[in-house]
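The chains referred to below are lettered A, B, ... by the order of the sequence lines, with proteins before strands, and numbering in each begins at 1. If you're wondering where the values come from, they're calculated on a predicted model, not measured in any experiment. Any value given below was found using the heavy atoms of this structure, including those in side chains, with hydrogens, waters and symmetry copies removed.
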Amino acid sequence: MKFGIIVFPGSNCDADCLHVMKNVMKQESEYIWHQESDLSAYDAIILPGGFSYGDYLRTGAIARFSPIMSAVVDYARQGGLVIGICNGFQILLEVGLLPGAMLRNRSLKFICDTVNLKVRQANTPFSNKLEEGQIIQVPIAHGEGNYYCDEKTLQELNDNKQIIFTYCGPEGEESLEYNPNGSLANIAGICNEKGNVLGMMPHPERCSEAVLGGTDGYKIFASMLNYLEEVGR
Amino acid sequence: MFKAIIYVTLKEGVLDPQGEAVKKSLHVLNYEGVDEVRIGKFIEVWLKSQDEETARRELEDMSDKLLANPVIEDYRVELMEVV
Amino acid sequence: MFKAIIYVTLKEGVLDPQGEAVKKSLHVLNYEGVDEVRIGKFIEVWLKSQDEETARRELEDMSDKLLANPVIEDYRVELMEVV
Amino acid sequence: MKELTYKEMGLLDEEYQKIIEIMGREPNYLELGMFSVMWSEHCGYKNSRPLLKNFPTEGSQVIQGPGENAGVVDIGDGQALVFKIESHNHPSAIEPYQGAATGVGGIVRDIFTMGARPIALLNSLRFAELDDARVRELFSGVVAGIAGYGNCLGIPAVGGEVYFNPAYKGNPLVNAMCVGLVNTDEIALAVANEIDSPIMIVGAKTGRDGIHGATFASEELSESSQSKRPSVQVGDPFMEKLLIEACLQLIKEDLVAGMQDLGAAGLTSSIAETASKKGLGVEVDVLQVPRREQGMTPYEVMLSESQERMLIVPRTGKEERIKEIFDKWGLDAVVIGRVSGDGMFKVYEGEELVGAVPVMELTEGCPVYVRQGQKAEYYQRCRAFDINSLPEEKPEPALRKLLASPNIASKRWVFSQYDYQVMTNTAIVPGDGDAAVLRIKDTSKGVAMTTDCNSRFVYLDPYLGGVLTVCEAARNLACVGARPLALTNCLNFGSPEKPDIYWQMEQAIKGMADAARELDTPVVSGNVSLYNETVEGAIYPTPVVGMAGLLKDIDYRCDMAFKDEGDLIVLLGELRDQLGGSEYLYVCHGIQSGAVPPVDIKNEKSLVEMLLSLNADGLCKSCHDISDGGLAVCLAESAIKGGRGFTVDFDFENKRTDGVLFSEAPERAVISINADKLKKVQELANSKGLQTQVLGQVGGKDLLFKNCGQEIIRMSLADAGQIWEEAIESLMK
Ligand SMILES: Nc1ncnc2c1ncn2[C@@H]1O[C@H](COP(=O)(O)OP(=O)(O)O)[C@@H](O)[C@H]1O
Ligand SMILES: [Mg+2]
């Protein structure tokens with residue numbers, strides 16, 4: 001399979017994603033500069049973390065106008081797999097592929113840590129190698145991961161089973177105490193209605209190798225591969 | 001030449017953690033009369049445009065697209081002609 | 001009850017990376033008439049105070065201490081009485 | 001802008017005379033400004049140069065010692081580490097967020113200027129105590145500034161230290177270190193070596209910010225520092241990120257002959273340094289320099305310290321390709337002048353020559369002062385302080401107080417604001433080991449790094465303190481399994497013009513040099529920050545050491561957490577009870593005094609070798625050196641980190657209980673091992689001439705200390721963990 005990793009000015013997890021896809025997942029992978037406009041060669045697209053355009057004005061706000069983003073929107077509408085991690089998630093919100101918006105962390109501080117996530121849906125292209133209710137450990141690192149949407153949207157997210165990952169405690173408690181940033185309903189990751197676009201604040205690429213202290217992230221990328229192999233693009 | 005100020009505020013009902021934090025700090029500093037604090041930003045734009053109407057249209061356009069996020073923010077444009 | 005708005009801007013000559021980035025982005029979006037962009041913030045404060053004078057003094061005090069950073073920012077207080 | 005006199009620019013009468021001699025006339029205002037910044041302590045090292053000569057700077061591992069933007073050390077496989085530490089004390093005192101942020105920006109530029117990809121940040125911070133609201137503001141501003149800048153760049157901040165002491169009231173210290181990775185055949189240097197080659201400036205536009213920043217950094221902080229506030233700059237980490245990517249691309253394509261960042265003293269200093277290496281001259285036209293503000297004078301352009309700018313001397317014929325690359329990243333690259341053969345630094349404004357100064361005089365001509373140090377008045381008094389005159393504090397409350405001391409408590413409040421995992425290399429994260437460990441992708445290697453300085457020791461005994469600082473850094477690296485390679489240092493002191501301060505500098509540097517020589521960790525780079533004083537006096541002398549080391553096999557790294565029930569806890573080194581200068585004396589008795597524990601550098605070296613052998617053989621399950629808070633805190637931290645209690649029971653001999661528990665004497669570490677490995681450990685220790693002692697076992701839910709079977713401390717693990725984890729957090733609420 002061939003993965004494309006989009007590079008905006010200010011992306012800084014692009015190399016990490018490339019490393020994991022290439023050297024750990026052993027897939028053909030390459031960078032796509034934000035001024036490109038053709039995604040036809042790729043089986044899946046990754047929007048990596050970082051500070052595109054310095055995150056000035058609002059996170060993801062300027063990046064969404066990069067030429068590549070209209071291609072990403074088309075790609076997603078045609079059912080292509082798109083995963084946005086951290087800043088990638090923020091960009092997906094701004095461009096409207098996912099509903100809602102990001103606010104600053106409740107603490108107003110950037111926070112770097114490893115958190116527990118509950119897998120809320122396992123039959124998605126991104127979580128089929130995980131089990132529903134399973135608790136995984138994934139690093140976070142962000143200043144604006146406080147997910148917000150209006151009530152109606154939240155209802156829809158619930159009804160359509162679009163909430164994929166939530167922050168939780170070691171026993172799966174989904175309380176405020178285990179919510180690192182104040183996000184609505186402890187949301188850590190959501191997908192679109194069709195299920196082919198995922199946005200998540202935690203960084204699976206930071207826990208895909210044992211030397212980094214955990215491999216739960218590996219399973220998210222393995223799910224994507226599995227899906228692509230089974231269903232095709 | 002026109003100068004515009006676009007005031008961007010969080011929508012009512014959207015929690016403003018920064019405003020909350022500032023309020024708390026002000027209480028700590030003994031300004032107990034402070035009831036509420038909300039924080040917004042404003043964007044000053046100097047632009048050349050044919051006329052006021054065009055300028056206003058352009059500015060609203062910019063705001064809808066880029067300067068404000070309609071999911072969480074409201075905005076208001078103030079426009080003046082400058083020399 | 002008073003409502004105040006404190007406008008905080010970067011001092012003249014101080015680099016405004018945000019404004020620069022927004023300007024560039026507006027050019028990319030074909031708003032070529034945009035000459036300059038500066039970004040500031042404003043803080044809305046609702047407070048109880050004896051009278052306008054006291055309120056103003058308190059607000060200037062708060063701004064000096066907390067709301068603005070005198071090293072790189074200027075501020076301006078707008079005050080009105082509300083019911 | 002009001003014109004300054006030479007005195008206001010920080011020049012002495014005799015220095016001004018020397019300038020007139022050099023020029024053969026009165027300098028004009030621009031020329032005077034250029035001299036004054038280049039001859040400031042910050043750029044010219046006029047008070048410290050003679051002392052720095054004492055440092056050992058050579059070794060088979062050293063590729064580049066002091067004199068370039070950063071030092072370079074060989075790590076095998078054609079790869080090298082590039083690192084340096086630098087201060088941003090005064091800007092941070094005035095504007096903590098931006099001061100600290102631009103400090104990070106500056107040190108990062110020093111690293112990629114060498115052609116290296118920055119892979120890690122560390123920092124060393126000093127503040128007064130947190131009960132003061134202004135200190136809390138400084139502390140949170142500085143941490144947020146470091147985070148704001150470094151996180152945006154995507155360089156993990158993997159280590160550092162924070163200390164609180166009244167000695168830093170009004171004059172906090174903010175030292176930032178950056179480590180980069182480079183292929184040895186791609187190291188870039190800051191030289192212009194061809195006459196007529198163009199000189200380009202790239203990156204941010206030049207504004208009026210930071211004029212005379214270098215001078216400002218070389219003065220005491222006073223009321224009038226307030227009026228120099230506009231010299232504080234705002235950083236743009238996004239711009240810097242673009243610069244990193246673009247500049248590293250230039251190196252990959254071998255397009256540049258020389259590259260130099262614009263730091264202190266801006267264009268003046270970077271151009272002078274680039275040209276002076278080969279004794280060449282240079283001509284620049286200030287009108288070509290892209291500006292952010294209108295009406296800037298040549299003086300302002302040449303002295304501006306606007307951030308995020310680089311100077312580039314292209315290889316012949318490569319300007320166009322260089323422009324293309326910068327264009328891709330949305331950056332301007334502009335030719336502003338050319339290299340000349342006459343040794344003069346000529347500044348033009350269009351056609352008009354507005355200043356001309358001999359390049360070498362700016363750099364090498366800087367006067368040097370060899371001063372006379374004098375032993376500080378407090379030294380004998382503190383040494384003679386009789387600790388036996390103090391009552392012993394009860395062990396358990398004492399341990400609680402120590403765990404709650406911000407100097408010892410968990411620094412999570414700080415490092416959780418730093419992205420320490422980006423780049424996916426961090427194998428030992430902040431707080432988990434005595435040093436940070438990073439893997440080097442595509443190899444089995446790892447590198448480790450740490451910053452250290454116990455400035456209370458340095459104050460009480462500058463020579464010993466200097467030795468101990470270097471020893472602690474080396475020990476920390478050995479604890480995680482890394483062989484110490486070389487060090488960088490940031491010498492933070494008060495005014496060198498005061499004889500007792502000069503004595504502190506002399507002695508500390510001598511101590512550091514002796515230890516560095518013995519431990520084979522030469523000095524490859526560094527920075528000097530003097531005049532760290534306020535009206536209330538000088539800071540504690542704080543010569544911060546940043547050290548880097550190499551692990552041959554990343555799989556044999558070791559953290560400090562106890563792992564399994566029943567593991568043996570072994571002390572490497574001796575029981576010692578010297579309490580001079582300890583945190584215990586300060587926290588429990590309010591005293592910062594006493595004789596600093598002596599150190600035998602040879603013995604410390606044996607310990608380092610022992611730790612390296614143990615880790616190379618995979619014998620240690622955990623390893624933690626004894627430093628702040630002593631043996632008791634060392635054990636408590638390993639327990640908290642591992643989520644496992646312990647029982648230690650040993651003979652305190654005739655020593656003071658508080659001494660045995662809380663002495664910060666060096667040459668010691670505590671390891672935990674599988675019980676069947678004890679014999680091997682003992683044999684190894686014997687062969688190195690080191691003592692070992694089994695203290696007890698890992699297990700249970702309590703921290704249990706016994707002296708010959710008699711219980712002296714029993715604290716629940718949960719209790720200890722909570723005190724230690726939440727101390728700083730709760731002070732910052
Ligand atoms: N305390 C020190 N120990 C060793 N080298 C030092 C020390 N202080 C400065 N240096 C070296 O002197 C040179 C000049 O330092 P500096 O002016 O800080 O460089 P830059 O202008 O690149 O920031 C550098 O090579 C630096 O490593
Ligand atoms: Mg430099």
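Between D/Y168 and D/F127, a ring centre-to-centre spacing not shorter than 6.0 Å is recorded.
Here the CD atom belonging to D/E245 is positioned 9.0 Å from the CD atom belonging to D/Q249, to the nearest 0.5 angstrom.
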- Evaluation steps, salt bridge (charged side-chain N to carboxylate O under 4.0 Å, His left out), between C/E78 and C/R76: CA-CA 7 Å; C/E78 217 176 86; C/R76 179 169 64 80; 3.4 Å; yes
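In this structure, chain C has no heavy atom under 4.5 Å from any part of D/Q307. Only the side chain of C/I72 comes within less than 4.5 Å of a heavy atom of chain D; its backbone N, CA, C and O stay farther away. If you measure heavy-atom distances from C/K24 to chain D, the contacts under 4.5 Å come from the side chain alone.
Using modelled atom types, one finds no donor on one side chain facing an acceptor on the other under 3.5 Å when comparing C/Q18 with C/R38.
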